[in-house]
Student: 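Got a structure for you, questions after.
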Amino acid sequence: MDKEYKSLSEFFPFYMQEHSHPVNRALHFIGTSLALGCILSFFATFKFYILVLALVSGYFFAWIGHFFIQKNRPATFKYPFYSFVSDWIMYAKMLTGKIK
């Protein structure tokens, strides 16, 4: 990850390359789904510890996918905003069947 990305549109193809393994993408989908469920639960209960669970569940599954399946370093460490937004873009594309 030596290249400097200056825009989300420039970063997203790299992000998808780093998520090319279907099991890695599936783990991201699971983690993001759990995080989304936690966020919705937070708004139903206003219990702040649920937001911590959202972060943990989202990153736990994603990092398993990166370290053990894809065998790469999450882009979150260098590009936290682009990675966060790209994860939701990938999630939406998976939900709509644009990515399997």
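Heads up: numbering here begins at 1 and tracks the sequence. Because the structure is a prediction, the values reported are computed rather than measured.
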Student: Return the CG to CD1 distance between Leu55 and Ile50, rounded to the nearest 0.5 Å.
Tutor: 13.0 Å
Student: With sequence neighbours excluded, tell me which residues meet side chain to side chain donor-acceptor pair (under 3.5 Å) with Ser7.
Tutor: Ser9
Student: Hey, does the side chain of Tyr5 reach the backbone of Phe12 with a donor-acceptor pair shorter than 3.5 angstrom?
Tutor: no
Student: What distance separates Met90 CE from Lys98 NZ, expressed to the nearest 0.5 Å?
Tutor: 15.0 Å
Student: Take Tyr82 and Tyr15 through the ring pair (Phe, Tyr, Trp, His ring centres under 6.0 Å) test and state the conclusion after the steps.
Tutor: CA-CA 9 Å; Tyr82 289 161; Tyr15 181 86; over 10 Å; no
Student: Which residues, ordered by chain and number, are linked to Val52 in its hydrophobic cluster, where ILVMFWY side chains connect at heavy-atom gaps below 4.5 Å, directly or through other members?
Tutor: Val56
Student: Can you give me every donor-acceptor pair (side chain of residues 26-38, partner residue at least two apart or in another chain, under 3.5 Å) with its distance?
Tutor:
from  : atom 1 : to    : atom 2 : distance (Å)
His28 : ND1    : Asn24 : O      : 2.9
His28 : ND1    : Asn24 : OD1    : 3.1
His28 : NE2    : His19 : NE2    : 3.1
His28 : NE2    : His66 : NE2    : 3.3
Thr32 : OG1    : His28 : O      : 2.9
Thr32 : OG1    : Asp87 : OD2    : 2.7
Ser33 : OG     : Phe29 : O      : 2.8
Ser33 : OG     : Tyr91 : OH     : 2.9

Student: For the pair Glu4 and Lys78, find out whether any cationic side-chain nitrogen is under 4.0 Å from an anionic carboxylate oxygen.
Tutor: yes
Student: Run the side chain to side chain contact (heavy atoms under 4.5 Å, CB included) test against Lys71 and tell me which residues pass, sequence neighbours left out.
Tutor: none
Student: Got a sec, which residues hit ring pair (Phe, Tyr, Trp, His ring centres under 6.0 Å) with Phe43, two or more places apart in sequence or on another chain?
Tutor: none
Student: How long is the gap from OH on Tyr79 to OG on Ser86, to the nearest 0.5 Å?
Tutor: 11.5 Å
Student: Just to verify, what does Glu10 make a side chain to side chain donor-acceptor pair (under 3.5 Å) with, not counting sequence neighbours?
Tutor: Lys3
Student: Given the rule that I, L, V, M, F, W and Y join up when any side-chain heavy atoms are under 4.5 Å apart, are Phe61 and Met16 in one cluster?
Tutor: no
Student: State plainly whether one hydrophobic cluster holds both Met94 and Phe14, where clusters connect Ile, Leu, Val, Met, Phe, Trp and Tyr through side-chain heavy atoms under 4.5 angstrom apart.
Tutor: yes
Student: With sequence neighbours excluded, what pairs up with Phe81 under the ring pair (Phe, Tyr, Trp, His ring centres under 6.0 Å) test?
Tutor: none
Student: Looking only at atom types and distance, does a side-chain atom of Ser20 sit under 3.5 Å from a main-chain N or O of Gln17, one as donor and one as acceptor?
Tutor: yes
Student: Please tell me whether Leu40 and Leu51 are part of a single hydrophobic cluster in this structure, the criterion being side-chain heavy atoms less than 4.5 Å apart.
Tutor: no
Student: Once side-chain hydrogen bond (donor to acceptor under 3.5 Å, both in side chains) is applied, what residue pairs with a partner in residues 39-62 remain, sequence neighbours excluded?
Tutor: none
Student: Going by side chain to side chain contact (heavy atoms under 4.5 Å, CB included), name the residues that satisfy it together with Phe67, two or more places apart in sequence or in a different chain.
Tutor: Trp63, Pro74, Phe77
Student: Hydrophobic clusters here meaning ILVMFWY residues chained together by side-chain heavy-atom distances under 4.5 Å, can you tell me if Ile64 and Phe84 are in one?
Tutor: no
Student: Look up atom CG in Asn72 and atom CD in Glu18, then write down how far apart they are to the nearest 0.5 Å.
Tutor: 4.5 Å
